[in-house]
Colleague: 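Before anything else, here's the structure in question.
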Amino acid sequence: MKTIDIRKTLLGVAAIIALLCGTSAHAQYNKHYFFWVGRTCMMNNDYQEAIRTLNTLLRFDDEAFEGYFLRGIAKYNLDDLIGAEADFTAAIRLNPVYTQAYTYRAITRSRLGNYDDALQDFREAIDLRPDLPGPYYSRGVTRLLNQQFDEAIADFDKFIRQENKVADAFICRGLSYLHLKDTARAYENFDTAIRTNRENPNGYNRRGDLYMRQGRYKEAEADFDKAIACDSSYLLSYFNRALVYNETHRPMQALADFDEVLRLDSTNSLTYFNRAMLRTQIGDYNRALEDYDKVALYSPDNILVYYNRAGVHAQLGDWEKAVEDYTAAIGLYPDFANAYIYRGRLRELLRDPQGAKRDRQTAQRKIAEYRARLNDSTYSIYADTTQRFDRLLSFDNKLSGSSFERVAGGGAREEMRLLPLFKFTLMQPDTAPQPARYHLRRVEDFRKRIGDERLVLSWRESDLQPDSLLQLDRDRAERLKREPTTWTLLFERALTQSLVKQYTNSVSTYTAAIEQNPANPFLYLNRATTRAEMIDFISSIDNSYQRITIDSDPANRLNNRSKRTYSYDEAVADLNKAVKLFPDFAHAYYNRANLQALAGNLPEAYEDYTRAIDLDPAFAEAYYNRGVVQLFMKDTRKGCLDLSKAGELGIAEAYETLKRYARTEN
């Protein structure tokens with residue numbers, strides 16, 4: 001689905017500005033002049049000049065509430081949402097019955113993700129002027145974003161009763177019905193939107209998307225054709241039509257539409273990925289490789305890129321490179337049975353019978369483990385199957401890397417990443433970071449009990465070589481056969497299993513350790529991180545990627561949901577247990593905050609990061625991640641302050657993020 005553009009809730013701004021012209025008629029000449037110039041700049045979309053002019057007006061008269069209101073609209077259009085909110089608040093303070101100021105502050109707060117306060121502002125505006133239709137539409141959009149679908153429909157009904165010529169109102173009401181799974185009423189509203197404005201591509205795109213999802217490709221194609229005729233620069237119409245062409249066995253036309261998408265957006269990795277698969281299907285292997293190389297450049301941690309590219313290398317007879325790519329896929333996800341199967345076949349061709357035999361045996365074991373867990377809700381989604389991975393992905397999907405390096409959101413800020421979870425891991429003693437602060441006796445006692453000088457609590461990757469980790473894991477497996485099964489030995493084995501990415505086995509081993517020592521918070525901490533990492537790897541091969549967004553509007557978040565979601569509930573439950581057992585353990589709050597952020601629960605994440613910082617005022621990583629979360633919540637000033645503090649405390653990534661953020665804001 002495409003996005004709602006909340007900017008459209010600022011309908012009628014020019015008319016409002018014109019109405020305001022008369023309100024300054026009694027002011028002094030200079031004030032009237034600056035107000036008129038500011039209003040003219042606004043109508044010409046010269047918002048920066050409007051702000052400069054209105055600043056002069058407000059220096060003459062700091063009680064000119066209309067000046068604050070207009071400046072708030074200018075700031076809003078420049079994406080200075082915090083400044084816009086402050087100006088609308090000033091206008092309300094000076095004129096407590098200023099209906100439009102309540103309305104536009106509500107719209108601004110909605111974009112900031114502050115839905116509760118936005119809805120309160122809408123209530124104020126509607127109480128003041130229940131006859132105005134605009135606030136009902138804007139409140140309906142906010143309720144739609146807040147997933148209050150029935151209430152949103154009620155607001156759109158009220159708006160449409162007064163204004164039945166606004167296509168976007170029918171589109172939004174149709175989306176509300178669609179989220180309630182009432183496709184008949186969704187169709188009805190999309191049809192009405194199209195009849196209301198036949199030049200608006202959004203109605204055709206919405207209806208075409210729904211047709212496509214239901215396999216009604218002829219109708220979908222007609223709608224996408226019409227959407228392109230209305231707006232030839234909207235890449236989503238071309239992308240969706242390419243999917244229709246592919247489903248109806250017209251690959252050359254699909255390729256032409258993918259080419260057009262890439263002409264409009266040359267960095268769209270999902271389109272390169274789809275074009276690579278389509279070129280592979282028609283035998284254009286060399287150009288398919290070029291596309292996969294582009295995707296590998298943009299999404300180096302995605303398993304399917306290497307897996308699919310390996311197949312192309314094999315088709316071209318370059319078996320060594322194919323083996324390298326299958327090996328890369330296995331390195332990212334060692335439970336990937338398909339990769340073992342095909343690598344084994346290639347090793348036979350390369351006269352490596354021993355390697356081929358090992359791969360066959362490993363693949364058979366992985367498949368058996370998967371089948372054994374099919375009835376176990378804990379693991380059934382985590383193991384690899386031998387399914388195919390050559391189906392084109394919809395625009396609802398996004399190739400991406402680790403979940404622990406991103407936060408839900410869109411636009412240019414997608415580059416900003418969270419620092420990963422803390423866990424007990426193994427590092428070379430001479431490279432392990434030395435804890436200069438927050439020295440917890442209980443953590444040190446745990447490390448001494450395990451008795452391995454390489455054991456550290458860190459978010460960084462282990463610097464032990466893969467061969468060393470594999471040997472260490474085998475050694476601990478042998479020890480479990482020879483020695484009594486203690487919780488400490490189980491912890492050590494679970495740790496090495498997780499480090500070699502044998503996640504399902506690691507979780508089982510941690511569980512066995514917890515059964516022997518259920519009061520140890522550190523066992524829950526590591527099981528939580530393993531469960532979360534396991535979900536993260538699986539998500540990269542199950543077509544459940546972070547959704548692509550069209551712009552940076554937070555309105556995208558509602559419609560940019562994965563068809564299949566991966567729940568961090570079990571990992572969060574482990575962290576809840578760790579916190580209960582050890583309330584002063586700042587890292588447990590930090591980890592829980594990360595998972596809340598990944599689940600889109602940004603206020604809850606903020607609270608947990610704050611708790612971690614309260615316990616450890618020098619917790620640099622918590623400042624960094626809280627800063628990123630606040631930027632996504634549009635609390636720019638506080639977010640940048642937190643990033644600055646993280647930099648002061650030694651997180652070099654903080655300064656890069658601040659630079660990146662500054663570039664995206666310009």
Side-chain angles (χ1 to χ4, degrees), residues 1-9 11 107 110 115 122 133-231 234 236-237 239-241 243-244 394-396 547-551 553-563:
M1 291 185 182
K2 296 181 291 299
T3 60
I4 303 165
D5 189 352
I6 202 167
R7 293 177 185 271
K8 291 178 181 176
T9 61
L11 297 170
I107 292 168
S110 182
Y115 298 130
F122 283 128
Y136 292 107
Y137 173 84
S138 299
R139 188 172 68 175
V141 171
T142 298
R143 284 175 161 170
L144 175 55
L145 298 175
N146 203 28
Q147 303 192 50
Q148 298 173 316
F149 304 122
D150 290 315
E151 294 87 345
I153 289 168
D155 274 340
F156 292 130
D157 287 345
K158 291 174 183 175
F159 175 81
I160 289 168
R161 276 198 290 270
Q162 298 183 66
E163 296 283 348
N164 62 0
K165 299 299 183 184
V166 179
D168 288 311
F170 294 103
I171 290 172
C172 289
R173 190 169 67 177
L175 284 173
S176 301
Y177 280 120
L178 192 58
H179 283 284
L180 292 172
K181 303 190 185 305
D182 189 342
T183 55
R185 289 192 176 181
Y187 273 125
E188 178 184 315
N189 275 273
F190 296 152
D191 288 344
T192 306
I194 291 169
R195 289 197 302 272
T196 301
N197 184 353
R198 295 189 180 277
E199 301 305 315
N200 184 349
N202 200 20
Y204 297 105
N205 271 308
R206 295 286 184 184
R207 190 175 68 180
D209 181 73
L210 194 48
Y211 280 141
M212 184 168 60
R213 290 169 186 269
Q214 295 187 332
R216 299 168 62 179
Y217 299 118
K218 185 175 181 180
E219 295 101 317
E221 182 181 344
D223 272 348
F224 296 138
D225 286 344
K226 188 64 178 177
I228 290 168
C230 293
D231 183 356
Y234 194 22
L236 185 57
S237 304
F239 189 99
N240 282 340
R241 192 173 67 177
L243 295 182
V244 170
S394 75
F395 204 85
D396 295 335
R547 293 258 177 152
I548 279 182
T549 55
I550 307 304
D551 55 40
D553 196 309
N556 297 337
R557 293 175 189 160
L558 175 70
N559 294 310
N560 296 334
R561 306 262 184 211
S562 298
K563 294 179 183 177

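Predicted, not measured: the structure shown is a model, and the values here were computed from it.
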Colleague: What is the distance from atom OH of Y187 to atom CG of D182, rounded to the nearest 0.5 Å?
Modeller: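 So the OH of Y187 and the CG of D182 are separated by 12.0 Å.
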
Colleague: side-chain contact (heavy atoms from CB on, under 4.5 Å), that's the test. Do T183 and L178 meet it? Break it down for me.
Modeller: CA-CA 5 Å; T183 55; L178 192 58; 4.0 Å; yes

Colleague: Supply the atom-to-atom distance I228 CD1 to L236 CG, rounded to the nearest 0.5 angstrom.
Modeller: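 That separation rounds to 10.0 Å.
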
Colleague: Can you tell whether the side chains of R213 and D209 come within less than 4.0 Å, N to carboxylate O?
Modeller: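 Salt bridge flag = yes for D209 with R213.
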
Colleague: Output the distance between atom CD1 (I171) and atom CG (L144), rounded to the nearest 0.5 Å.
Modeller: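 These two atoms lie 12.0 Å from each other.
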
Colleague: On a heavy-atom basis, which atom in M212 and which in A220 lie closest, and how many Å separate them?
Modeller: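 Answer, listing the atom of M212 first, then A220: N-CB, 3.8 Å.
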
Colleague: Restricting to non-hydrogen atoms, name the atom on F170 and the atom on T196 that form the minimum distance, rounded to 0.1 Å.
Modeller: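 Closest heavy-atom pair between F170 and T196: CE1-OG1, 3.7 Å.
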
Colleague: Are R139 and T142 close enough that a side-chain donor and a side-chain acceptor fall under 3.5 Å?
Modeller: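 Absent: no donor and acceptor within the cut-off.
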
Colleague: Search all heavy atoms of C172 against all heavy atoms of F156 and return the closest pair with its distance.
Modeller: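 Scanning both residues, the minimum pair turns out to be CB-CZ, 3.3 Å.
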
Colleague: After noting the C-alpha distance and the side-chain angles of Q147 and F149, does the key distance pass the side-chain contact (heavy atoms from CB on, under 4.5 Å) rule?
Modeller: CA-CA 5 Å; Q147 303 192 50; F149 304 122; 3.7 Å; yes

Colleague: Rounded to the nearest 0.5 Å, how far apart are CD1 of I194 and OH of Y204?
Modeller: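 It is 5.5 Å, given to the nearest 0.5 Å.
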
Colleague: For R185, is the CZ atom crowded, meaning more than 12 foreign heavy atoms sit under 6.0 Å from it?
Modeller: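 For R185, atom CZ is not crowded (no more than 12 foreign heavy atoms under 6.0 Å).
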
Colleague: Show the numbers, then the answer: is there a side chain to side chain donor-acceptor pair (under 3.5 Å) between T192 and R195?
Modeller: CA-CA 5 Å; T192 306; R195 289 197 302 272; 3.2 Å; yes

Colleague: Give me the atom names and distance for the closest heavy-atom approach of A152 to S176.
Modeller: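 Answer, listing the atom of A152 first, then S176: CB-OG, 3.8 Å.
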
Colleague: For the residue pair S237 and D231, establish whether any side-chain heavy-atom pair is separated by less than 4.5 Å.
Modeller: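 Sidechains of D231 and S237: no contact.
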
Colleague: Which heavy atom of Y137 sits nearest to which heavy atom of F159, and what is that distance?
Modeller: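 That closest heavy-atom pairing would be CB-CD1, 3.5 Å.
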
Colleague: Could you grab the distance from atom CZ of R143 to atom CG of L145, nearest 0.5 Å is fine?
Modeller: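 It is 12.5 Å, given to the nearest 0.5 Å.
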
